[in-house]
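Following: one structure in structure tokens, then a few remarks.
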Amino acid sequence: MEGGGLPISRVRRELLYLVEKNATVVVVGHTGCGKTTQIPQYLHRSGWTAEGSKVLCTQPRELVVVSVAHRVAEEMGAVVGGEVGYRASSFEARTDEGGSTSSIEFSTDEALVSLMQRDPLLSPYTVVMVDEAHERSLATDVVLGLLKKVQRRRPDLRVIISSATIDAEALATFFGGAAIVSVEGTLHDVDILYAKVPASSYISEAVDTVVKIHKNERPGDVLVFFPGEEDVSQALELIEEQNDFERQRGGADDLVPLALHEGMPTSKQLQALRPAPRNHRKVVLSTSVAETSLTIDGIAYVVDCCFQRERYYDPITSLESVVTCPESKASAVQRAGRAGRVRPGKCFRLCTREAYESGLLPESSVPEMQRSELSHVVLQLKALGVDNIMSFDWIAPPSAEAMVRALELLHALGALDQESRLTSPLGAHMAELPVHPTVAKPLLVSGELGCVEELLIVAAVMTVKSSVWQLGRGRKEMERQKMKFAVAEGDHVTYLNVYKGFLEAKRSPGWCDRHCVNYNAMMKVLGVKSQLWSALEGLGIKHSSSDKETLPVRKALAHGLFANSAVLSSTSTDGKGRATYTTVRGKVVTKVHESSVLHRNQPKCVLYTRAIQTGPATHEMFEVLAVEQDWLTELAPHFYTSPGVG
DNA sequence: GAGCACTGC
């Protein structure tokens, strides 16, 4: 397909003219208008890739990078790795550094940040297009700030920002008055219908809406968006009850409800993506995975609860919380668009039109940059030569507290010196590792402590976000299986046993199923582990193993995680018999989360990977490591002796 | 008694 019928083709000439005349152009257009696949080809055909120069297009997600590269190559009659290439880590690299012949390259935003550490002026590129900029991921915001900086030294560099929403003005202003071009329309129209009154419970309202669609609307599958996994399972139960009720009345039970969320095994996810049996209507009950990451064919109706869950980092306590809040209009539009992929569809929003139009729903979500822990971003910027982080040209500046926290942690980790300059070699090496600074430091000290192999495994598991554990036949069974691997030293050390078992079982998916281990997560662990090993090897670190000795492993981890410490409270329980802890810094009351192998052990002092607020006054620690309290002052003397702390 | 979603040097 040539893409001639796509909405983007109507603005081709205008777009090319604007790119010629302006340093920066903002393109506004919804998903499906063809901008991602067509704009790079327009640029290619109009001379922007002449004489070995290149056009780069970035995406927030790796999966999209790979699939778009293949689609564009196919449209051009080229092969991936030839005229069209991509940069992605966990997939086989299809372009190499300098000698690549690709005219059009696709990469993730993250990969562009790392590319800029090696080639700050992006010398071979004439145009960089930042796609899906409205998603405002951490990496997107970093890329936008960096590109603006590069443009000052390379006035010839063209930047195209593509966004699905109307915050185009803000983006254009940030780039000193960029040109704006709008792409009207999508492939198919979607009718938007609103609730007449605000719903008292979005779960039952969503289920009622599904039932109404099933009774009154033409055939076509339904996709329902819920904020979280818990909502998905409740809705699933309600629809099954409804089906039972229909059966008893002798009605048709041709409604097929299917859950879809990140935490499910892939086989179950695929089930939700498969077409329903003939004459049945499929209802996919999903979290926001289906908003951007997964595409389901045959969806004609979308039901949107109009809520989403967002993670917030509190720099004062250094703890995170996950809150349910009204979704942004940008998400609402994206979700609705999922109904119009194959033919005109309908979207039922469970908020009122007044609520939508009066500003009760924000235009866009708070950018990740303003609700995240920033030590990794700060370290990256330092490595890119941005000396004064506070005065970096942020498109949305993070809070001063969050930046101070990040600088403080990086200083305590030894990545920055007294003057906040990157230390050498430690800070520079930490910046070269594709993991969070609290994980990079343990990896780097593992050489001296003789436990490189063990740290590679633990760091890989910590970096692969999806849990190593997976529900098999119920929570009880998972608990039972987990205990087979569990050790008193904690979750991180337990991972070593899981990894060992996985290798001894020759990476068998069946073994994983029987032991409630997530096969996909383990395969990713293998990939990340070998990637980390080549990075460490490149830094001159020699391989070693501590075998059955776990003390060096815990010590190495403590070198990175010391800031996340909590001690067992003397007044021991929360009323339900569970021990409470107090974070050493911040003095917040917290508990060991049920998912941890240590949730009954009550060690005196623990380090955690993350602590999340799970209730109004409840914080829980995920991934917990048992340590000796005197390690804290030993490993981070300044951190634990400053006034008012410790 | 159970955690939105992504990614990388």
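Each chain gets a letter, A, B and so on, in the order its sequence line appears, and its residues count up from 1.
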With a non-hydrogen cut-off below 4.0 angstrom, is A:Ile612 in contact with a base, only sugar-phosphate, or nothing? nothing
For A:Tyr202 and A:Asp231, does a side-chain donor sit closer than 3.5 Å to a side-chain acceptor? yes
Considering every strand and a 4.0 Å limit on heavy-atom distances, what is the contact class for A:Arg371: base, sugar-phosphate, or nothing? nothing
Pair A:Arg421 + A:Asp387: basic N to acidic O under 4.0 Å: no
Quick one: label A:Ser137 by what it contacts on the DNA or RNA (base, sugar-phosphate, nothing), any heavy atom closer than 4.0 Å. nothing
Within the structure shown, what part of the strands sits under 4.0 Å from A:Glu291 by heavy-atom distance: base, sugar-phosphate, or nothing? nothing
Any base atoms under 4.0 Å from A:Thr463, or only sugar-phosphate, or nothing? Heavy atoms, all strands. base
Using the side-chain heavy atoms of A:Arg475, tell me which of these nucleotides is nearest: B:dA2, B:dC6, B:dA5. B:dA2
Kindly point out which of B:dC4, B:dA2, B:dC6 is positioned nearest to the side chain of A:Glu479? B:dA2
What is the distance from CG of A:Leu598 to P of B:dG1, rounded to the nearest Å? 19 Å
Has the side chain of A:Trp469 got a donor or acceptor atom that lies under 3.5 Å from a matching backbone atom of A:Glu479? no
Out of B:dA5, B:dT7, B:dC4, which nucleotide sits closest to the side chain of A:Val322? B:dC4
For atom CZ of A:Phe226 and atom P of B:dA5, their distance in whole Å: 14 Å
What does A:Val528 touch in the nucleic acid at a heavy-atom separation under 4.0 angstrom: a base, only the sugar-phosphate, or nothing? nothing
Heavy atoms from C-beta onward define the side chain here; which of B:dG1, B:dT7, B:dA5 lies closest to that of A:Glu594? B:dG1
Keeping to residues at least two apart or across chains, list the salt bridge (Lys or Arg N to Asp or Glu O under 4.0 Å) pairs with something in residues 526-537 of chain A. A:Glu453-A:Lys529
Could you check whether any side-chain N or O of A:Asn601 sits under 3.5 Å from a backbone N or O of A:Ala488, counting only pairs where one atom can act as donor and the other as acceptor? no
Is A:Gln308 touching bases, backbone alone, or none of the nucleic acid, heavy atoms closer than 4.0 Å? nothing
Once you apply a heavy-atom cut-off of 4.0 Å, does A:Ala139 come out as touching a base, just sugar-phosphate, or nothing? nothing
Which residue lies more 5' along DNA chain B, comparing A:Lys524 with A:Glu310 via nearest heavy atoms: A:Glu310
Side chain of A:His599, heavy atoms from C-beta onward: which of B:dG3, B:dG1, B:dA5 has the nearest atom to it? B:dG1
Specify the separation, in whole Å, of atom CD of A:Glu368 and atom C1' of B:dT7. 10 Å
By nearest atom, which of the nucleotides B:dA2, B:dG3, B:dA5 is closest to the A:Met478 side chain? B:dA2
Please report, rounded to the nearest Å, how far the P atom of B:dA2 is from the CZ atom of A:Arg600. 13 Å
Select one nucleotide: of B:dT7, B:dA5, B:dG3, the one nearest the side-chain heavy atoms of A:Phe622. B:dG3
Between P on B:dC4 and CG on A:Asp304, what's the gap in Å once rounded to a whole number? 17 Å
Grab the CD-P distance between A:Gln59 and B:dA5 for me, whole Å please. 20 Å
At less than 4.0 Å, is any side-chain N or O atom of A:Thr292 found next to OP1 or OP2 of B:dA5? Yes or no. no
So what does A:Arg311 touch, heavy atoms closer than 4.0 Å: a base, only the sugar-phosphate, or nothing? base
Between A:Arg610 and A:Glu373, does at least one N-O distance fall below 4.0 Å, as a salt bridge requires? no
CZ/A:Arg311 to CD1/A:Ile612 distance, rounded to the nearest 0.5 angstrom? 6.5 Å
Rounded to whole angstrom units, what separation is found between the CD atom of A:Glu62 and the P atom of B:dC6? 12 Å
Closest-nucleotide 5' rank along DNA chain B - winner of A:Arg309 and A:Leu433: A:Arg309
A:His261 NE2 - B:dC6 P separation (whole Å): 12 Å
